[in-house]
Amino acid sequence: MSTTTLPIGAKPRIVVVGNGMVGHHYVEQLIEANAQDHYEILVFGEEKYIAYDRVHLSEYFTGATTEDLSLTTTGFYEQNDVQFYAGNKVAGIDAPTRTVTLENGNVVHYSALVLATGSYPFVPPIESHSTENTFVYRTFDDLDALKACAANSKVGTVVGGGLLGLEAANALKSLGLETHVVEFAPRLMPVQLDPVGGRTLKNMIEGLGVSVHVDTATQNIIAGETCFHRMNFTNGEHLETDLILYSAGIRPQDALARSAGLAVGARGGIVVNNFCQTSQENIYAIGECALWNERIFGLVAPGYTMAKVAADHLISKTGKKFEGADMSTKLKLLGCDVGSIGDAHQATPGATSFVYHNERKGEYRKIVVSEDGSKLLGAVLVGDNSYYDTLLQYYLNGIDLPKNPESLILPNTGDAPALGVDALPATASICSCHNVTKGDIAQAVANGACSVGDVKGMTKAATGCGGCAALLKKVVDNELLALGVEVSTDICEHFAYTRQELFHLIKVEEIKSFQDLLHSHGKGHGCDICKPTVGSILASVWNDYVLDASHVGLQDTNDRYLANMQKDGTYSVVPRIPGGEITPEGLIAIGEVAKRYKLYTKITGGQRIDLFGATLSDLPKIWGELIDAGFETGQAYGKSVRTVKSCVGSTWCRYGVNDSVGMAIRIEERYKGLRGPHKIKFAVSGCTRECAEAQSKDIGVIATEKGWNLYVCGNGGMKPRHANLFATDLSDEMLIKYIDRVLMFYVQTADRLQRTSVWMDNLEGGLEYLRDVVINNSLGLAEELELQMQHIVNTFQCEWKTTLNNPQALKKFRQFINTDAADDHVQFVEERGQIRPATEIEKSQLIATVS
Amino acid sequence: MNFTYVCDISDLDLDVGAAALINGQQIALFKVANNRVFAISNWDPIGKANVLSRGIVGDLDGDFVVASPLYKQHFSLSTGKCLEEDVSVQVWQSKVESSKVFVAVE
Ligand code: SRM
Ligand SMILES: Cc1cc2nc3c(=O)[nH]c(=O)nc-3n(C[C@H](O)[C@H](O)[C@H](O)COP(=O)(O)OP(=O)(O)OC[C@H]3O[C@@H](n4cnc5c(N)ncnc54)[C@H](O)[C@@H]3O)c2cc1C
Ligand code: SF4
Ligand code: FES
């Protein structure tokens with residue numbers, strides 16, 4: 001084998017071994033201190049990936065890709081002159097000659113060496129018939145192997161019921177396996193939880209269908225009868241399982257250090273001092289491989305602090321020390337909240353505790369309080385983590401407890417003294433991953449940060465485990481408020497106006513195009529924020545054809561092609577089905593079109609039918625056929641009226657008190673085509689049983705014995721909000737009048753992309769004010785609002801019909817301007833009897849077999 | 001430099017993209033003010049689909065950009081650089097001669 005030796009050049013050289021979370025954080029610290037100007041920086045990582053977010057590793061099973069989880073890019077390292085060698089394990093260190101030897105035999109000199117080798121999963125030495133179908137849970141490669149095996153397995157067992165074991169159990173469950181957890185200790189999460197907490201958690205997890213075997217030790221593993229393995233337990237029982245996942249703790253990866261003769265602890269770990277130096281002063285160890293004060297820290301935050309300390313010691317020399325770290329944790333395991341703070345086991349002499357336990361709800365909370373009752377020493381939470389942030393602040397900042405500390409863990413009695421962010425001292429740690437205090441955030445805001453995003457960029461807060469995001473937002477808002485900062489409301493760099501102001505200008509000055517508005521009130525050429533906003537306002541006010549030459553460039557791709565773009569660049573087609581009522585002929589027609597154009601069909605959540613996988617050039621043909629069959633565009637693509645959901649109502653239902661389908665169709669026919677700041681959804685229910693879920697819609701209508709109750713500003717989606725009851729027992733005519741006014745007032749005054757729910761929450765005066773405007777006509781706007789709505793109703797056109805009659809517009813529905821070829825990257829495979837987009841891997845195979 | 005004829009300048013709408021296929025290469029063409037034409041790859045490296053021609057065109061800080069219709073990242077029309085993430089797309093030279101648009105694709 002030919003090997004090379006890499007001697008040190010003009011600059012001294014820092015060699016980092018390990019490119020995990022902490023190794024990467026160290027490199028970031030070097031770059032921040034511009035160390036690359038004075039040092040050559042080399043990084044060797046054993047894994048084939050650049051540093052990634054191990055904390056969120058499990059998201060790899062819920063759709064995140066390796067890139068999504070990457071903490072950085074090779075480009076970033078290159079730009080900063082960091083030489084990174086992936087897939088390069090360091091095999092040995094020779095301290096006297098200051099060299100490391102790589103697995104491939106190459107020898108590299110160093111001036112300073114940093115070991116960030118992390119830890120490895122401990123696999124208990126159990127006598128076993130085979131190591132096949134056994135796994136650990138730490139790297140992408142581990143997860144790939146696990147996934148491959150799970151695909152052919154029915155039963156999976158996790159050995160170890162700690163934090164990681166339960167996370168791994170969640171993964172097995174999400175892979176569809178019958179899941180077991182085997183724990184040697186008498187309870188789950190023995191490190192973080194006390195016996196009652198452990199039992200509460202066990203009950204909850206079993207309630208979710210995961211079998212938990214505590215107090216259970218495995219004697220040996222033999223070939224199974226119904227599954228690949230059989231685990232025999234010392235209590236005489238056994239368990240058949242197809243795969244076994246070991247999560248029985250971690251061990252510091254200190255093999256390199258041992259072979260180089262560096263001091264290691266009796267139970268492993270590279271011994272370091274307060275500056276993270278090992279027994280060799282020019283060799284540092286940081287992260288999970290390091291042993292400080294006889295302790296290993298198995299969390300990322302302390303590792304990051306070590307990285308900062310070690311970089312500081314070498315480069316900036318301000319004397320930062322590592323002083324231990326807080327190991328409090330909060331987690332959602334299999335959907336169950338679990339939190340542990342400080343002295344959870346009440347080990348402090350004289351400490352007393354308060355406990356709240358609700359077996360029925362599966363909630364358990366304990367706080368451990370100092371002898372004199374003034375300080376919080378620790379806490380255990382199971383079932384509801386909403387108490388965690390406040391408790392942690394009391395604990396970390398030594399804040400004096402209230403007179404009745406139990407109020408901190410009792411359920412919403414209303415008198416729990418909520419700890420406002422105002423009450424936190426400047427030294428309060430907000431983000432422990434990146435060690436950001438309330439003072440740091442105030443500083444960032446004082447230096448010009450005016451959003452959570454800015455503060456994240458400047459301080460890195462909330463970019464580690466993410467657990468502090470909610471608290472961060474509160475602190476940022478509070479600081480902004482304190483400074484009296486007015487956050488800019490300009491919609492973008494091209495217009496120094498809010499959406500509401502632009503609406504007004506367009507209406508009052510009768511502006512009909514974006515270009516005119518830009519010339520009279522804006523600058524530059526516009527962008528993807530102001531163009532669609534203005535496009536939408538023009539549509540709300542004038543309701544001209546959106547694909548007119550002067551409007552087409554304003555439309556988001558969905559509006560521009562009157563269809564919804566899917567992930568692969570194809571489109572979906574949604575014909576309007578007012579009120580969800582459809583004839584058998586209609587169903588057949590849709591079915592035939594779907595068959596002819598090989599489209600995937602699905603019933604939507606909005607009571608209509610979506611046809612997926614249409615290419616750009618097929619869209620006009622598909623719509624031609626749908627329109628011939630009597631359908632209209634459903635405008636599923638626009639920030640516009642979507643659907644009016646209905647229940648079957650009094651016509652058929654034995655409880656119905658009014659014709660909900662009839663009213664739903666009337667409403668849908670009236671408001672279809674209306675474009676607004678965001679999409680608008682309706683529903684009509686035939687009685688208070690509310691089968692149409694009207695109270696979760698922007699406009700909800702529920703039949704009463706005397707007429708209709710009108711609900712407004714509800715929302716499903718990301719942040720559900722129940723609609724407010726606006727008026728009761730309305731006649732058909734009054735109902736429509738009020739809806740006209742409410743909707744048009746919303747269209748005129750809301751911000752861009754603001755649903756009615758958020759609009760209402762931000763409306764000064766709230767519901768009462770809206771009632772005043774709409775019912776009592778307090779602004780004298782009622783007639784104008786109705787007229788404006790009537791204009792929209794009168795000028796409705798089916799955009800697809802117009803398009804099919806417009807050769808100029810039709811020309812734009814070609815895949816390519818210079819040929820009729822198709823996009824060969826669009827590929828489908830079959831699943832459950834229909835097409836779906838091929839995955840990237842499938843695509844490469846499809847293309848390979850074709851060529 | 002080998003310029004290929006693609007279409008007439010009047011085939012392109014102002015501030016609206018169009019896709020073209022040249023030697024098997026998918027290209028997004030954009031006509032902006034003064035009949036200036038930009039040619040960048042149609043491939044969105046973040047959304048992983050051939051869609052950039054279907055994004056909204058505009059300018060940010062004086063540079064012409066297109067916003068991907070999938071996840072809205074901006075790509076500079078002159079350099080192909082993504083403004084939000086550390087990726088870029090290929091750009092090609094283009095020219096307009098006697099109202100015809102040409103792009104230099106190898
Ligand atoms: C197709 C459909 C899912 C399905 O297969 O059932 C769907 C699909 C999409 N929804 Fe939805 N939503 C669909 C019903 C819903 C519902 C249920 C309902 O309407 O009763 C909701 C919750 C109700 C609500 O809106 O309050 C819903 C809440 C959302 C949200 C969250 C909105 C919010 O205010 O939080 C988004 C994101 C957004 O609009 O910003 C969204 C966005 C989307 C987008 C546009 C996402 C995207 O950009 O690709 C999807 C594209 C539609 C397409 O390609 O055709 N979709 N979406 C449903 C179409 C209904 C229809 O017939 O038009
Ligand atoms: C599934 C999971 C969930 C977690 N959840 C949390 C959580 O919620 N909160 C939290 O704080 N922590 C959590 N952790 C722990 C956290 O990921 C670790 O604390 C952190 O990754 C430690 O960073 P590190 O750099 O020390 O080690 P690692 O990230 O393990 O990196 C070490 C790297 O060094 C490489 N290496 C080792 N030896 C060599 C060699 N000889 N040559 C070259 N390279 C070498 C390894 O291949 C590895 O890539 C979790 C861990 C896992 C696995
Ligand atoms: S809401 Fe009332 S009328 Fe409508 S289906 Fe349900 S029970 Fe019947
Ligand atoms: S506490 Fe982990 S990101 Fe802030």
Side-chain angles (χ1 to χ4, degrees), chain A residues 65 67-68 70 72-76 78-79 492-494 514-515 523-532 535 547 549-561 564-571 616 808 811-812 814-826 837 839-840 843, chain B residues 4-8 11-33 42-74 77 82-83 85-88 101 103:
Chain A
T65 61
E67 284 108 81
D68 295 340
S70 273
T72 183
T73 60
T74 46
F76 177 75
E78 264 165 37
Q79 270 164 30
C492 67
E493 64 176 68
H494 305 101
F514 180 79
Q515 285 308 328
K523 58 170 194 263
H525 298 268
C527 66
D528 59 312
I529 303 294
C530 59
K531 283 184 170 181
L547 300 190
S550 61
H551 300 323
V552 64
L554 311 180
Q555 315 299 341
D556 267 318
T557 189
N558 287 2
D559 288 87
R560 180 164 147 208
Y561 295 107
N564 293 54
M565 180 181 271
Q566 304 300 314
K567 59 200 270 189
D568 60 351
T570 64
Y571 288 87
L616 204 51
Q808 211 48 37
K811 275 218 292 220
K812 308 296 168 199
R814 285 178 78 191
Q815 191 72 40
F816 299 111
I817 195 164
N818 59 343
T819 151
D820 285 328
D823 178 356
D824 62 8
H825 193 76
V826 170
T839 62
E840 289 303 312
K843 275 182 195 172
Chain B
T4 310
Y5 165 75
V6 189
C7 61
D8 291 352
D11 293 335
L12 298 176
D13 291 332
L14 179 65
D15 287 345
V16 180
L21 189 66
I22 307 175
N23 300 343
Q25 180 68 51
Q26 291 206 27
I27 297 189
L29 291 175
F30 301 94
K31 175 168 92 175
V32 300
N42 196 27
W43 177 252
D44 173 352
I46 297 162
K48 304 216 185 313
N50 287 302
V51 295
L52 288 186
S53 58
R54 292 177 248 163
I56 290 184
V57 185
D59 68 327
L60 289 180
D61 284 337
D63 191 13
F64 280 106
V65 295
V66 62
S68 163
L70 281 170
Y71 302 113
K72 314 294 175 196
Q73 292 88 358
H74 299 91
L77 296 186
C82 174
L83 306 196
E85 297 193 26
D86 195 9
V87 290
S88 36
V101 179
V103 178

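Just so it is clear: chains get the letters A, B, ... in the order the sequence lines come, proteins before strands, and each one is counted from 1. What you see is a predicted model; the values in this text were computed from it and never measured.
Using cut-offs of 30° and 60° for the angle between ring planes, the B/F64 and A/H525 rings count as tilted.
For the pair A/D528 and B/K72, the tightest heavy-atom approach, listed with the atom from each and the gap, is OD2-O, 4.3 Å. In plain terms, the two heavy atoms of B/L70 and A/K567 that are nearest each other are CD1-O, 3.8 Å. The shortest heavy-atom contact between A/G553 and B/I56 is O-CG2, 4.2 Å.
Taking CZ of A/F816 as the start and CD1 of B/I22 as the end, the distance is 10.5 Å to the nearest 0.5 Å. Here B/D11 contributes atom CG and A/R814 contributes atom CZ; the two are 8.5 Å apart, rounded to the nearest 0.5 Å. Interatomic distance, CG of B/D86 versus CD of A/E78, reported as 9.5 Å (0.5 Å rounding). Atoms CG and OG1, on B/L21 and A/T819 in that order, are 6.0 Å from each other to the nearest 0.5 Å. Residue B/D61 holds its CG atom at 5.0 Å from CD of A/E493, rounded to the nearest 0.5 Å. Between B/K48 atom NZ and A/E67 atom CD the span is 5.0 Å, to the nearest 0.5 Å.
Contact count against chain A (heavy-atom pairs under 4.5 Å) is highest for B/L60 among B/V57, B/L60, B/L14. Residue with the most contacts toward chain A among B/D15, B/V16, B/V51, B/N50: B/N50 (heavy-atom pairs, distance under 4.5 Å). Put simply, of A/Q79, A/K812, A/E840, the one with the most heavy-atom pairs under 4.5 Å next to chain B is A/K812.
Of the two parts of A/L616, only the side chain, counted from C-beta on, holds a non-hydrogen atom closer than 4.5 Å to a non-hydrogen atom of chain B. Proximity to chain B involves both the backbone and the side chain of A/D556, based on heavy atoms less than 4.5 angstrom apart.
The backbone N or O of B/A20 sits nowhere less than 3.5 Å from a side-chain atom of A/N818 that would complete a donor-acceptor pair. Side-chain atoms of B/R54 come within 3.5 Å of backbone N or O of A/G569 as a donor-acceptor pair.
Contact annotation: the side chain of B/L12 approaches that of A/I817 to within less than 4.5 Å [non-hydrogen atoms, C-beta and beyond]. Two residues are said to be in side-chain contact when any heavy atoms from C-beta on lie closer than 4.5 Å; B/V65 and A/C527 fail this criterion.
Using a 4.0 Å cut-off between charged side-chain N and carboxylate O, A/K811 and B/D13 make no salt bridge.
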